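Every heavy atom of this structure was used, including side-chain atoms; hydrogens, water molecules and symmetry mates were not. Since this is a predicted model, take the numbers as computed values, not measurements.
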Amino acid sequence: MAKLKKYGIALLKYAVLIVVTLVTLIPIISVILSSFKTKIEYLTTGRLVLPENWLNFENFVTLFKHGRVLTGLMNTGIIIVVTLITSTLFATMVAYCITRFEFTGKRLIEKMYLLASFVPGVIVHLIIFKIFAGCNLVDNLMSIVILYSGVDVVSLYLYKQYISQIPLSLDEAAMVEGCSYFNIYRTIILPLLKPAITTAAILKVTYIYNDFYTAFLYLPSEDKGVMSTILYRFIGPYSSNWSVIAAGILIVTIPIFIGFLLSQKFIYKGFIDGAVKS
């Protein structure tokens with residue numbers, strides 16, 4: 001009876017895993033198959049029916065020819081590179097100050113960071129957009145960089161956990177040798193934060209790449225479009241040609257999908273290492 005119950009629970013777990021896997025994979029497989037079909041073929045065959053010609057790249061040619069994909073990739077790349085540099089420096093500096101120093105208002109600042117994470121982004125953008133419009137930053141890539149460069153709560157607490165594991169004796173030894181606080185941060189703290197920086201960078205890149213609302217609001221022109229807004233604007237003229245839209249979805253999804261598969265072990269390792277305080 002005990003064995004029967006054990007096998008029944010195992011069977012149920014595998015059944016649930018199979019169902020979840022199918023629910024996740026079927027839409028992805030459907031998009032891949034549809035991207036190689038012609039318009040007529042898409043309308044006359046099922047979503048999971050194999051395309052007649054796997055070498056039909058007409059949809060992808062249309063996408064790159066009329067969809068401004070290269071412009072979106074370039075703008076997205078610029079935003080990601082600049083943002084990673086600025087956000088990493090700001091977040092690690094803030095975490096270093098909060099973790100290593102005692103000063104008036106320290107607890108208040110930590111609570112304010114936590115409170116800010118609960119404020120809906122739409123409300124914040126109503127105020128920020130007016131400020132950026134007054135500074136002529138709307139339709140400028142720098143507007144997005146400034147917004148993404150802010151210190152987010154996840155990165156802040158991740159860096160705090162890592163810094164708290166770095167022995168304070170290293171700071172004291174460096175100060176005895178004549179190092180300033182900035183040199184301690186630059187030569188000791190920052191190099192030891194590489195696992196946390198990798199994890200935070202991966203999360204930041206994923207967020208930036210998938211964020212549609214912010215880019216659509218602050219970058220209205222096509223020349224300043226990123227991958228998410230490029231796809232949105234491309235769908236309009238081709239709203240009846242779902243095979244071309246499927247090709248667009250596939251092209252936009254591939255970079256972040258591959259990046260996540262290659263880096264997921266760093267994400268898990270970063271959170272696990274940061275969660276254990278020695």
Side-chain angles (χ1 to χ4, degrees), residues 76-119 121 124 142 144-211 214 255-278:
T76 304
I78 293 172
I79 292 171
I80 287 175
V81 171
V82 179
T83 298
L84 285 182
I85 296 173
T86 54
S87 63
T88 298
L89 290 175
F90 292 154
T92 51
M93 286 180 180
V94 172
Y96 172 58
C97 292
I98 291 178
T99 307
R100 284 295 200 248
F101 303 106
E102 291 293 335
F103 52 89
T104 304
K106 173 181 173 180
R107 298 289 179 266
L108 178 61
I109 292 175
E110 290 184 279
K111 291 179 180 178
M112 288 178 64
Y113 269 111
L114 186 60
L115 180 63
S117 64
F118 294 101
V119 179
V124 176
M142 282 305 300
I144 303 294
V145 171
I146 292 172
L147 290 173
Y148 290 145
S149 296
V151 181
D152 61 276
V153 176
V154 175
S155 298
L156 177 62
Y157 280 90
L158 181 63
Y159 291 139
K160 278 183 58 183
Q161 288 298 319
Y162 266 85
I163 294 175
S164 65
Q165 297 178 47
I166 300 174
L168 189 59
S169 57
L170 292 178
D171 298 31
E172 295 171 347
M175 292 180 68
V176 170
E177 296 295 329
C179 277
S180 63
Y181 289 124
F182 179 75
N183 282 334
I184 293 173
Y185 161 79
R186 182 176 60 86
T187 59
I188 298 177
I189 302 298
L190 203 56
L192 292 175
L193 285 178
K194 285 182 180 179
I197 291 174
T198 303
T199 301
I202 293 168
L203 296 175
K204 178 71 77 172
V205 169
T206 304
Y207 174 75
I208 293 173
Y209 196 88
N210 292 330
D211 185 20
T214 306
I256 199 66
F257 181 72
I258 294 176
F260 181 79
L261 288 179
L262 296 176
S263 60
Q264 59 179 335
K265 63 178 181 180
F266 296 105
I267 299 177
Y268 301 143
K269 185 178 185 302
F271 279 119
I272 292 173
D273 291 349
V276 180
K277 187 174 181 179
S278 56

- Using 30° and 60° as the class limits, which term best fits the ring planes of Tyr96 and Tyr185: parallel, tilted or perpendicular? tilted
- prompt: Between the side chains of Tyr148 and Asp211, does any donor sit under 3.5 Å from an acceptor?
  reply: yes
Spell out, as yes or no, whether a donor-acceptor pair under 3.5 Å connects the side chain of Thr83 to the backbone of Ile80. no
When every non-hydrogen atom of Arg100 is compared with those of Ile163, the smallest separation belongs to NH1-O, 3.2 Å
Those residues at least two apart in sequence (or on a different chain) that pass salt bridge (Lys or Arg N to Asp or Glu O under 4.0 Å) with Glu172 are none
Closest heavy-atom pair, Thr92 versus Leu89, reported as atoms and distance to 0.1 Å, is OG1-O, 3.1 Å
Distance col, row Met142:CE vs Leu147:CG, nearest 0.5 angstrom, shows 10.5 Å
Rounded to the nearest 0.5 angstrom, the CD-OH distance for Glu110 and Tyr157 is 5.5 Å
>> With a 4.5 Å cut-off on side-chain heavy atoms, are Ile144 and Ile208 touching?
In response: no
Notebook entry, point to check: Short question: side chain of Lys204, backbone of Leu84 - any donor-acceptor pair under 3.5 Å?
Noted result: no
| message | Let's go through Leu192 and Leu170 carefully: what are the C-alpha distance in whole Å and the side-chain angles of both, what is the deciding distance for side-chain contact (heavy atoms from CB on, under 4.5 Å) to 0.1 Å, and is it a yes or a no? | response | CA-CA 11 Å; Leu192 292 175; Leu170 292 178; 4.2 Å; yes
To the nearest 0.5 Å, atom CZ of Phe182 lies from atom CE of Met93 at 5.5 Å
Separation between CG (Asp152) and OH (Tyr207), nearest 0.5 Å, reads 9.0 Å
>> Could you walk me through whether Asp171 and Ile189 satisfy the side-chain contact (heavy atoms from CB on, under 4.5 Å) test, starting with their C-alpha distance in whole Å, then the side-chain angles of each, then the deciding distance to 0.1 Å, before giving a yes or no?
In response: CA-CA 9 Å; Asp171 298 31; Ile189 302 298; 4.2 Å; yes
Rounding to 0.5 Å, atoms OH (Tyr162) and OG1 (Thr199) come to a distance of 5.5 Å
**Request:** Could you give me the CA-CA distance, side-chain angles and deciding distance for Ile197 and Leu190, then say whether side-chain contact (heavy atoms from CB on, under 4.5 Å) is met?
**Result:** CA-CA 9 Å; Ile197 291 174; Leu190 203 56; 4.0 Å; yes
Output for pair (Leu115 CG, Met112 CE), nearest 0.5 Å, gives 8.0 Å
Of all heavy-atom pairs linking Ala174 and Ile184, the shortest is CB-CG1, 3.9 Å
| Would one find more than 12 heavy atoms of other residues, nucleotides or ligands at under 6.0 Å from atom NZ of Lys106? | yes
